[in-house]
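Could you have a look at this structure, given as C-alpha cells, before my questions?
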Amino acid sequence: MKKLLELLGEEVKKCFKEAGYDDERITVTVSNRPDLCEYQCNGAMALAKQAHKAPIDIAEEVVTKIRTSDFFSKVECVKPGFINLDINDVFLASYLEQEAVSDRFGMEPSDTGKVIVDYGGPNVAKPLHIGHLRAAIIGEAVKRISKYVGNDTLGDIHMGDWGLQMGLIIAEMQDRKMTGMPTLDELSEIYPAASEKSKNDEAFKEKAMDITYELQHGNEEYLKIWRHIMDISVADLKQNYDRLNVSFEVWKGESDADPYIAPMVEKMKNDGYAYQSRGALVVDVAEENDAKEVPPCMILKSDGAALYTTTDLATLVQREEDYDPDAVIYVVDKRQELHFVQVFRAAKKCGIVPDRTRLSFLGFGTMNGQDGKPFKTRSGGVMRLETLLEEVNEKCLERMIENGTDMSETELKDTAGKIALAAIKYGDLSNEARKDYVFDIDKFTSFEGNTGPYILYTMVRIKSILRKYREGGNETEILKILPPASADEKALMMTLTGFVPMLEGAWKDIAPHRICAYIYQVANDFNKFYHGTRILAEPDKNRQGGWIALITLTLKILETAVELLGFEAPEAM
Ligand code: ARG
C-alpha cells in the first residue's frame, strides 16, 4: 500500500503536469503551519526560475487543476507561491479503512535480509544488575522491529562466559576446600567474595588467572565446574530475562568463539594484516579522517592471551560461517564505542565480514538516579535487576489500590506486573538510546503524562468501550471507518495514517524512541477525541459503528507498537 504522502504527492505532481510543469521535485509535505492547512506543496517556488514565471502564477495555474481532485477538500495558493492543502475527508476515511484491513497496516514488503542483534551481554556468574537493563530493553525492541519490518532476525545474548570471573570462582572454591558443585545462591555469594579478595590478595589473583588460563586451554576438571556454573547461571538468566519479556534465539557466549581464534589469528598474520608491535599482535585500523585517534586493534597480548576485541572478531567469523548475516547490530553501553569501531574496522579490513555487511553499533547512555549519577541502591550499592523490578511492581500496586479497584488479589498482581514493565520499558525507550536518563520511579509509574502506564491506560479505555459495545449485542468486524465528524476525530485519523512511515524510519535509523513518541501522539489524539465524543451513547448507529471501527484500528496500532517495545496492556487497570 502506498504511503499517504506518496499518494498526495503523485496527485499534485499529476496536476502540475497537466498545467504543463513536469518535474520530479514536486512533493507534498505535512504542513508546518497546521493552523493554516494540513499539507503543503512548495513546488511552484522550485520551478519559477526555470519557467521564467512568478511562483504565485504557477501556483494559481496548478491550483485550478487540483480543485477537481478527489484527494483534497481545500486548495489555496498563498504568496509567494505556496499551495496549501486540506485532505478530503472521504478520501482520508477510505485510505484508513484500507490500512485497517491490510496486513501490517499496509506496509510494503521491502528487501529484507538476515539480521543478528547482539544484546544482553550479561557476564555469567555475576548477578544481573541495572547495567544490563538497558541492553535488554533496547536490544529486544530493536530485534522485534527488525522482525516486524520483515528481516529474518536472530537475537544473540553473547554472554561473557570465558573470563577471569570463572577463574576467581574456582580459586575461591579451592580456598574453601569445596568438594561439591556450588548452588546458585552459593555462587552469588562466592563471586563477590572472590572479586573482593583479588583486589588485596595478589597471590589469589595470580592463582585465579592461572586457573582461567588452564580452563581456556582445556583443563577437564575446571571445564566440569565451568559447565555446571553455566548450566545453573543460564537457567537463572532465562528466568530473569523472562520477567522482562526478553528472550534470545541464540544463547552463545564468548566461549563459543574460542575455537575460531587460532585459525583467525593465523590468517590475519598470513594475509599481512596483523603484525607484532611491542610484543603484542595488532592490526592498524586508523583512518585518514579520524577526528580522534583510533589506536591499533589488539589481537593478542604479549603473553599470547586473547582480548575482548579478539573474541568479538572471532564471534564474527563464527556468525559468518553459521548465518552469513546482512547486518549485525550491537546494542551495548556507549562507553564501548571505541572497542566497536576497532572491531568493525578490523573485521572489514581482514575480510572477516564482506564489505556489504552492515555492522552497526547502537551505544546507549547511562541510567542515572535522581542525583544524576549512575543508578544505585539507597545504600549506594549496585542494584540487582530483580530488586528494581520488585520496587516498581510494588509502586504500581500501590497506585492501583489508591485509585480504587475491585480486582482479585491475583488479577491485581498480574496487572501491576504489566504496568510495571510498561513503566520501566517506556521510561527507558522514550529517550533516545544514546542519551543518559534519570530513572524516576514516581514519574515513570504515573498514569498521566508521557509514560508507559498512560499508554496502557488509553488502551484499556478503548478495550472497555469495545467490550461494552459488544456486550450490547453488536458486532465489530463488519464496521467501516467513516469520514470524520470533528476536527479531533480527523486529527486522530491523520495520525493513524503515519504508523507505517514512522516504523520504517525507526528501523532505518535504529531508533525505538520514535515508536514511543508516536504512540504518545496517538494516545493524546485518541483521548482528545474521546472526551469530545459520546461513543456509546450515540443514537446514530451508523455513526457509532464508524467510531467503533476507528478506535478498533487505534487499539490495533497501539497493541502492535507496545508489542514491538516489549510490553502489553492488561484488560483493566
Ligand atoms: N559482556 C560485555 C560487558 O558486560 C558486553 C558484551 C557486549 N557484546 C559484545 N559483542 N561485545 O561489558
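All values below come from the heavy atoms of this structure, side chains included, with hydrogens, waters and symmetry mates left out. Predicted model, so just to flag it, every value in this text is computed and none were measured.
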- [ ] Could you tell me which residues satisfy side-chain contact (heavy atoms from CB on, under 4.5 Å) with S94, sequence neighbours excluded, listed by chain and number?
- [x]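 Result, side-chain contact (heavy atoms from CB on, under 4.5 Å) vs S94: F91.
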Open item on the list: Using a 3.5 Å distance criterion without hydrogens, assess whether the side chain of T309 forms a donor-acceptor pair with backbone atoms of L307.
Closed with: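 Checking the backbone N and O of L307 against the side chain of T309, no donor-acceptor pair under 3.5 Å is found.
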Task: Between CG on residue L482 and CG on residue N542, distance to nearest 0.5 Å - done: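 Going from CG on L482 over to CG on N542, the span is 5.5 Å.
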Task: Under 3.5 Å donor-acceptor, D161 side chain and S255 backbone - done: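 Pair found, side chain donor or acceptor close to backbone of S255.
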Open item on the list: With a 6.0 Å cut-off (strictly less than), is the heavy-atom count around OH of Y518, excluding the residue itself, greater than 12?
Closed with: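 Yes, because the 6.0 Å sphere around OH of Y518 holds more than 12 heavy atoms from other groups.
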Open item on the list: For E18, give me all partners under side chain to side chain donor-acceptor pair (under 3.5 Å), at least two apart in sequence or on another chain.
Closed with: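 Side chain to side chain donor-acceptor pair (under 3.5 Å) list for E18, sorted by chain: empty.
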Task: Donor-acceptor pair, side chain of R345 and main chain of V294, under 3.5 angstrom - done: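 Answer holds: no.
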Task: N431 (side chain) donor-acceptor with G427 (main chain) under 3.5 angstrom - done: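 Looks like yes, one N/O pair under 3.5 Å.
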Open item on the list: Does either side chain, that of N527 or that of T458, offer a donor lying less than 3.5 Å from an acceptor on the other one?
Closed with: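 On atom types as modelled, these side chains qualify, holding a pair under 3.5 Å.
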Task: Validation row: L496, T554 side chains within 4.5 angstrom (heavy atoms) - done: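 Side chain of L496 against side chain of T554, heavy atoms only: contact under 4.5 Å found.
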TODO: Grab the two heavy atoms, one from I481 and one from A93, that are nearest each other, plus how far apart they are.
DONE: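 Reported closest heavy-atom pair: O-CB, 3.9 Å.
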TODO: State whether E99 and K556 are salt-bridged, where the test is any N-O pair (Lys NZ or Arg NE/NH1/NH2 against Asp/Glu carboxylate O) under 4.0 Å.
DONE: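 Here E99 does not pair with K556 in a salt bridge, since their nearest N and O are not under 4.0 Å apart.
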- [ ] Only counting residues at least two apart or in another chain, list the ones meeting ring-ring contact (aromatic ring centres under 6.0 Å, His included) with H132.
- [x]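 Once residues adjacent in sequence are excluded, the partners of H132 under the ring-ring contact (aromatic ring centres under 6.0 Å, His included) criterion are H129.
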Open item on the list: My understanding is that only residues two or more places apart in sequence, or in another chain, count here; which of them pass ring-ring contact (aromatic ring centres under 6.0 Å, His included) with H339?
Closed with: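 For H339, the residues satisfying ring-ring contact (aromatic ring centres under 6.0 Å, His included) (neighbours in sequence not counted) are Y308.
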TODO: Could you please spell out the steps behind the side-chain contact (heavy atoms from CB on, under 4.5 Å) verdict for K292 and L338?
DONE: CA-CA 10 Å; K292 265 199 231 132; L338 180 60; over 6 Å; no
Open item on the list: Working to the nearest 0.5 angstrom, can you tell me the gap between L237 CG and N123 CG?
Closed with: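 Separation between the atoms: 10.0 Å.
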- [ ] Inspect the contact between R434 and E432 and indicate whether a charged nitrogen and a carboxylate oxygen are less than 4.0 angstrom apart.
- [x]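 Looking at R434 together with E432, the answer is no, because their closest N to O distance does not fall below 4.0 Å.
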- [ ] Under the ring-ring contact (aromatic ring centres under 6.0 Å, His included) rule, collect the residues that match up with F375, sequence neighbours excluded.
- [x]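 F375: ring-ring contact (aromatic ring centres under 6.0 Å, His included) contacts with F439.
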Open item on the list: Please give me the minimum heavy-atom distance between G139 and V117, naming the atom from each residue.
Closed with: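 Reported closest heavy-atom pair: O-CG1, 4.0 Å.
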Open item on the list: Between K13 and E24 (salt bridge meaning N to carboxylate O under 4.0 Å), is one present in this structure?
Closed with: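 Looking at K13 and E24, the cut-off is met.
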- [ ] Answer yes or no: is there a donor N or O on one side and an acceptor on the other, between the side chain of Y323 and the main chain of I116, under 3.5 Å?
- [x]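 Absent.
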Open item on the list: Could you report the tightest heavy-atom contact between A569 and K463, atom names first, then the distance?
Closed with: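 Taking A569 first and K463 second, the nearest heavy atoms are O-NZ, 3.5 Å.
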Open item on the list: Please report the interatomic distance CD(E475) to CZ(R470), rounded to the nearest 0.5 Å.
Closed with: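 Going from CD on E475 over to CZ on R470, the span is 10.0 Å.
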Task: Within-4.5 Å side-chain heavy-atom neighbours: T29 and L5 - done: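 Contact flag for T29/L5 side chains = no.
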- [ ] Give the C-alpha distance, both sets of side-chain angles, the deciding distance and a yes or no for side-chain contact (heavy atoms from CB on, under 4.5 Å) between L7 and K2.
- [x] CA-CA 6 Å; L7 280 178; K2 281 198 176 152; 3.9 Å; yes
Task: Pair D242 + K238: basic N to acidic O under 4.0 Å - done: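 No, no charged N to carboxylate O under 4.0 Å.
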Task: Short side-chain to backbone donor-acceptor contact, R104 and Y148, under 3.5 Å - done: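 Pair found, side chain donor or acceptor close to backbone of Y148.
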- [ ] Go through the steps to decide whether V12 and I66 satisfy the test side-chain contact (heavy atoms from CB on, under 4.5 Å), and finish with yes or no.
- [x] CA-CA 7 Å; V12 170; I66 304 180; 4.2 Å; yes
Task: S73 side-chain N/O to I87 backbone N/O, donor-acceptor pair under 3.5 Å - done: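 Side chain of S73 to backbone of I87: a pair is present.
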- [ ] Check the angle between the aromatic planes of F567 and Y426 and answer parallel, tilted or perpendicular using the 30° and 60° thresholds.
- [x]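 Perpendicular: the ring planes of F567 and Y426 meet at over 60°.
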- [ ] Answer yes or no: are there more than 12 heavy-atom neighbours, outside K413 itself, under 6.0 Å from its atom NZ?
- [x]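 At most 12 heavy atoms, drawn from other residues, nucleotides or ligands, come within 6.0 Å of this atom.
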- [ ] To the nearest 0.5 Å, tell me how far I261 CD1 sits from I299 CD1.
- [x]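 Taking CD1 in I261 and CD1 in I299, the distance rounds to 10.0 Å.
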- [ ] Take atom CZ of R335 as the centre, draw a 6.0 Å sphere, and report whether it contains more than 12 heavy atoms from other residues, nucleotides or ligands.
- [x]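 No, not enclosed.
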- [ ] Supply the atom-to-atom distance L456 CG to I519 CD1, rounded to the nearest 0.5 angstrom.
- [x]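 Rounded to the nearest 0.5 Å, the CG-CD1 separation comes to 8.5 Å.
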Open item on the list: So that I can tick it off, tell me whether D326 and K114 are bridged by a salt bridge, with the cut-off set at under 4.0 angstrom between side-chain N and carboxylate O.
Closed with: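 Looking at K114 and D326, the cut-off is not met.
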Open item on the list: When you compare the side chains of K143 and Y119, does any donor N or O come within less than 3.5 Å of an acceptor on the partner?
Closed with: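 Present: a donor and an acceptor within the cut-off.
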Open item on the list: Quick check: do S110 and V149 have side-chain heavy atoms less than 4.5 Å from each other?
Closed with: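 The answer is no, as the side chains (C-beta and beyond) never meet within the 4.5 Å cut-off.
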TODO: Using the ring pair (Phe, Tyr, Trp, His ring centres under 6.0 Å) rule, take Y39 and F71 through it: C-alpha gap first, then chi angles, then the decisive distance, then the call.
DONE: CA-CA 12 Å; Y39 298 93; F71 288 44; over 10 Å; no
Open item on the list: Looking at K528 and D488, is any side-chain nitrogen of the basic one under 4.0 Å from a carboxylate oxygen of the acidic one?
Closed with: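 Result for this pair is yes, salt bridge flagged.
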Task: Non-hydrogen atoms of M493 and L92 that approach each other most closely - done: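 In this case the closest contact between M493 and L92 is CB-CD2, 3.9 Å.
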TODO: Find the distance between CG (L558) and CG (L553) and round it off to the nearest 0.5 Å.
DONE: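 Taking CG in L558 and CG in L553, the distance rounds to 9.5 Å.
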Open item on the list: Between the side chains of D355 and K348, is the shortest nitrogen-to-carboxylate-oxygen separation below 4.0 Å, so that they form an ion pair?
Closed with: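 Result for this pair is no, no salt bridge flagged.
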Task: E249 and K147 ion-paired at < 4.0 Å - done: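 Yes, this pair counts.
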Task: Set of residues satisfying side-chain contact (heavy atoms from CB on, under 4.5 Å) with respect to T533, sequence neighbours excluded - done: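 T533 satisfies side-chain contact (heavy atoms from CB on, under 4.5 Å) with F529, I535, W547 only.
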Task: Donor-acceptor under 3.5 Å (D86 side chain, C37 main chain) - done: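 Checking the backbone N and O of C37 against the side chain of D86, no donor-acceptor pair under 3.5 Å is found.
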Open item on the list: Between the side chains of R356 and D324, is the shortest nitrogen-to-carboxylate-oxygen separation below 4.0 Å, so that they form an ion pair?
Closed with: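 Yes, D324 and R356 are salt-bridged.
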- [ ] Return the minimal non-hydrogen interatomic distance between L385 and L244, and the atom names on each side.
- [x]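 Taking L385 first and L244 second, the nearest heavy atoms are CD2-CD1, 3.7 Å.
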- [ ] Please say whether more than 12 non-hydrogen atoms of neighbouring residues, nucleotides or ligands are located less than 6.0 Å from NZ in K74.
- [x]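 Yes, because the 6.0 Å sphere around NZ of K74 holds more than 12 heavy atoms from other groups.
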Open item on the list: Checking the side chain of D89 only, and the main-chain atoms of P483 only, is there a donor and an acceptor separated by less than 3.5 Å?
Closed with: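 No, because the side chain of D89 does not come within donor-acceptor range (under 3.5 Å) of the backbone of P483.
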Task: V317 side chain reached by L313 side chain, heavy atoms, under 4.5 Å - done: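 Heavy-atom side-chain distance check fails, nothing below 4.5 Å.
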- [ ] State whether D436 and K334 are salt-bridged, where the test is any N-O pair (Lys NZ or Arg NE/NH1/NH2 against Asp/Glu carboxylate O) under 4.0 Å.
- [x]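 Looking at D436 and K334, the cut-off is met.
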Task: Shortest non-hydrogen contact between E11 and S69, atoms and distance - done: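 Between these two residues, the closest heavy atoms are OE2-OG, 2.9 Å.
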TODO: Would you check, one step at a time, whether the test side chain to side chain donor-acceptor pair (under 3.5 Å) holds for Y454 with N524?
DONE: CA-CA 10 Å; Y454 168 67; N524 283 337; 2.6 Å; yes
Open item on the list: Whether the side chain of R134 engages the backbone of D333 through a donor-acceptor N/O pair (distance < 3.5 Å, no angle test) should be reported.
Closed with: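 Looks like no, no N/O pair under 3.5 Å.
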TODO: Determine, step by step, whether F248 and Y241 satisfy the ring pair (Phe, Tyr, Trp, His ring centres under 6.0 Å) criterion, reporting the C-alpha distance in whole Å, the side-chain angles of both residues, the deciding distance to 0.1 Å, and the verdict.
DONE: CA-CA 9 Å; F248 300 90; Y241 280 116; 5.1 Å; yes
- [ ] Evaluate the side-chain proximity of V250 to D322: yes if any heavy-atom separation is below 4.5 Å, no if none is.
- [x]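 No, every pair of side-chain atoms sits at 4.5 Å or beyond.
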Task: R144 with E140: basic N within carboxylate O range, under 4.0 Å - done: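 A salt bridge is present here (some side-chain N lies under 4.0 Å from a carboxylate O).
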